[in-house]
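Small disclaimer: the values here were computed from a predicted structure and weren't measured. Naming convention: chains lettered A, B, ... in sequence-line order (proteins, then strands); numbering from 1 in each chain.
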Amino acid sequence: MSRRSGGWRIIALLAGLAAGALSGPGDTAEKALIRVEKGDLWILPAEVLARLHGIQELETSWVILASDEQLSELAARRVPAEILDISPEGKAYFLVFLRSPEAAGGLRGFGEVRILDEWTVLFWSGGREAREILPAEFKLKRLSPEDRFPVVRPGRERAVSAAEADVRLRRRAAELIPQFVSLVSKANLTKNIQDLQDFRTRYASTAACEYAGTFLFEHFSSLPGLETSYDPFLFAGTRTTRNIVAVLPGKSNADRSVILCAHYDSTSNQPTTNAPGADDNASGTAAVMEIARVLSSYAFDFSLKFICFSAEEWGLYGSKHYAQKAKAAGETIIGVVNMDMIGYEDVPSEDIDIIVNPASDWLGARYLSAAERYAPLPTLKIVNASFRGSDHSPFWDQGYHALCGIEDAGVPNPHYHKTTDTLSTLNMDFVTSVTRASLALGAELAQPVVSLSAPAGLTARSQVLTSLFSNAKTVFLDWRTTSDQAVGYNVYRSTNRERYEKANGTLLTATTFTDRFLRAGSAYYYAVTAVDSSGRESNFSAEVRDDAGNRK
Amino acid sequence: MKHRGGWMILLLAAAALPRGLEAGDAGARPGRAWLSLGGGGGVCVPADKAVRTLYGDVSFPLHAHLSLRLAGPFGLIVGYRYLGAAGETAAVGPPVDDEGYDLRLRVHSLRAGIRLDSSLGKASIFALAGGSYNFYKESWLETEISFSGRKAGYFLGAGAEIPVLRFWDIHVRLEYALVPTGKGGGLSSEVDLGGLEAVVGLVFRFGGR
């Protein structure tokens, strides 16, 4: 903050006047890119916030595309706003993530620079692609004024404890996870990185990158149970490339998924000819390949998606394309585990930084828990909504919960985006540990199926009945079975999503249940299990809140 | 506005009583002490909308009272009131199912107050005001849900006693009672169990007139 130029920070009154001078009466075209501190935004009434056109959320501020009316309104409400640019039409804006605050100086002369926070700047040079202008050392994210994200105060979901993870998995299912972890092969990871490095470059827009995509497609296609596809998209104008998406469909709730992902493209100071990108990001890609190999032999309640994104180095184009598409399709994503640079050990006993935004805090906590239990390695959770330089960021933008696992948030790897980023510089024990922890979390979230799969489609509706002096909540639940072996069901209820108690006295044979005489002022969470003729019980179904069905 | 009925009764009583006093006590003779025992039934319109929603717009309490004329127009009244009502639970917000439970409300009230008597022709007219102590219990039938409490309240009213036999009078009165419980549910945060009530009954006057 201290580095921000005071000249750029003016109150919205001046902004409003400027906008007024730039537009005629009645002109409602959005024409100014502004930055507003969150602390100033949250004092605005909800209806004003709802009209704002958010482009990018950062840790302490929002970048907003504002109309002249909105600028005037902010001025009238004495909300300070910093004008970043006017007339954004036709410009290609990028967030540039700095390796050090001082690195912002290296951007001068390439284009327009506005400092957003200590580690993040806004950059543009007309409509040109930043990747084609800036030195390779800068990490990028393309911003699109066409995007419109709601400017809302972020909610912080309660961290889900290891105890909670345990209760949702049947014991025998949980016992599978160490077995999965033990199957992760350091040799395979090493080979995967070497194979990817051998393409010499995976710089998106080159043929070699596309060959690498085909290689990944073939790898996933060779694994039984996976449905593998290309996800092509345009980036940086008319260039094309492909994400590689491999899906292990869930046995009970295939429409809910856990994503394990990494970008497979690379860059360097000679991007089109020599960008081995072993750490960035053959390491993460190798982990996704290996996790897919291990888990594809097993069944899970929820779908597992193994995704290798392309064009990350150009500005997160591949993940943005995928996340936008998922949101538009109404896809339910339980969590996204993004691995980006998980192989370089700058100091002995390297830790893995788990970057989350406030809403994804619970996911970070789960990662730490999984790492502690299944793949001991030092971990550090960092909650920082400004850490936008990897493929988790577009998922945050779309409101999904995602984390980024990275060897060091500050990127001290001296080979970063250089031709020297090769396998020989990596610590493969560290890569293996991170892969195991990521696998454990992915498996835990997707819930391995041991006997029969969990029921699906659990819905809950609740109503409060009242008399003069008493209230009672009634919750109506229904679900559908996913297994022919199911002979009955149990319903579990919790008020804190951690301690569950069985709500039914005897085994239910119908796929409905009414839970009566509950406290009207409490929120209840439910999950259902199926039971087979031997008494074996499935994992928990997807959890629902008691009033989830009321809102539909 | 909630207690409009009470104020109306008070105003009517205030307007009627001086005229009665001036009329010269053609009914009960002033200054003579007497004791009467009465009982009757009432028609009550609950003041609280929540009560009306759950138990209907009117309820039918039972009354018993003992009146003691002391000196001049002044007397004491003690009584007992019983209200039993049946109703049904209501959904808070849009209902998602037609589920509901039968309700039962019981209110036992012990009352004491002062009574100011006068006469109008052969009839005795009076105003009264006092306090009550109320024991109430609401139950959801066929469930274990119930709530009971005790709370003080107030009442005021006015009426007339019209002689029909030597020892017997017809007793009519209009009263307004407040029973603020300080408790509530989904429809009202603080339920008032009182209301505007018309009572009709018989009074036995010991010793006659």
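- Heavy atoms closer than 4.5 Å to chain A are found in the side chain of B/Leu103, but not in its backbone.
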Which donor-acceptor pairs sit under 3.5 Å apart between chain B and chain A?
{"from": "B/Ala90", "atom 1": "N", "to": "A/Thr466", "atom 2": "O", "distance (Å)": "3.0"}
{"from": "B/Ala90", "atom 1": "O", "to": "A/Thr466", "atom 2": "N", "distance (Å)": "2.7"}
{"from": "B/Val92", "atom 1": "N", "to": "A/Val464", "atom 2": "O", "distance (Å)": "2.8"}
{"from": "B/Val96", "atom 1": "N", "to": "A/Gln463", "atom 2": "OE1", "distance (Å)": "2.8"}
{"from": "B/Val96", "atom 1": "O", "to": "A/Arg461", "atom 2": "NH1", "distance (Å)": "3.0"}
{"from": "B/Asp97", "atom 1": "N", "to": "A/Gln463", "atom 2": "OE1", "distance (Å)": "3.3"}
{"from": "B/Asp97", "atom 1": "O", "to": "A/Gln463", "atom 2": "NE2", "distance (Å)": "3.4"}
{"from": "B/Glu99", "atom 1": "OE1", "to": "A/Thr474", "atom 2": "OG1", "distance (Å)": "2.9"}
{"from": "B/Glu99", "atom 1": "OE2", "to": "A/Arg516", "atom 2": "NE", "distance (Å)": "2.3"}
{"from": "B/Glu99", "atom 1": "OE2", "to": "A/Arg516", "atom 2": "NH2", "distance (Å)": "3.1"}
{"from": "B/Tyr101", "atom 1": "OH", "to": "A/Arg516", "atom 2": "NE", "distance (Å)": "3.1"}
{"from": "B/Glu138", "atom 1": "OE1", "to": "A/Ser467", "atom 2": "OG", "distance (Å)": "2.7"}
{"from": "B/Glu138", "atom 1": "OE1", "to": "A/Leu468", "atom 2": "N", "distance (Å)": "3.1"}
{"from": "B/Glu138", "atom 1": "OE1", "to": "A/Phe469", "atom 2": "N", "distance (Å)": "3.0"}
{"from": "B/Glu138", "atom 1": "OE2", "to": "A/Leu468", "atom 2": "N", "distance (Å)": "2.9"}
{"from": "B/Trp140", "atom 1": "NE1", "to": "A/Ser467", "atom 2": "OG", "distance (Å)": "2.9"}
{"from": "B/Gly185", "atom 1": "N", "to": "A/Leu468", "atom 2": "O", "distance (Å)": "2.8"}
{"from": "B/Gly186", "atom 1": "N", "to": "A/Thr466", "atom 2": "OG1", "distance (Å)": "2.7"}
{"from": "B/Gly186", "atom 1": "N", "to": "A/Asn471", "atom 2": "OD1", "distance (Å)": "2.9"}

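- Using a 4.0 Å cut-off between a side-chain N of Lys or Arg and a carboxylate O of Asp or Glu, B/Arg115 and B/Glu161 qualify as a salt bridge.
- One distance of note links OH of B/Tyr80 with NE2 of B/His65; it measures 15.5 Å at 0.5 Å rounding.
- In this structure, the side chains of B/Arg69 and B/Phe126 stay at 4.5 Å or more apart for every pair of heavy atoms.
- Neither the backbone nor the side chain of A/Ala520 comes within contact range of chain B; no heavy atoms are under 4.5 Å apart.
- Ranked by heavy-atom pairs under 4.5 Å with chain A, the list B/Ala90, B/Ala50, B/Gly93, B/Gly100 is led by B/Ala90.
- Here the closest non-hydrogen pair linking A/Phe300 and A/Ala446 is CB-O, 3.5 Å.
- Environment of OH in B/Tyr154: sparse, with no more than 12 heavy atoms of neighbouring residues, nucleotides or ligands closer than 6.0 Å.
- Here the CD1 atom belonging to B/Ile170 is positioned 9.0 Å from the CG atom belonging to B/Leu165, to the nearest 0.5 angstrom.
- Interface residue A/Phe476: only side-chain heavy atoms are found under 4.5 Å from chain B.
- The line from CG of B/Leu202 to CG of B/Leu37 is 11.0 Å long, rounded to the nearest 0.5 Å.
- B/Ile77 contributes atom CD1, which lies 8.5 Å from atom CG of B/Leu66 (distance to the nearest 0.5 angstrom).
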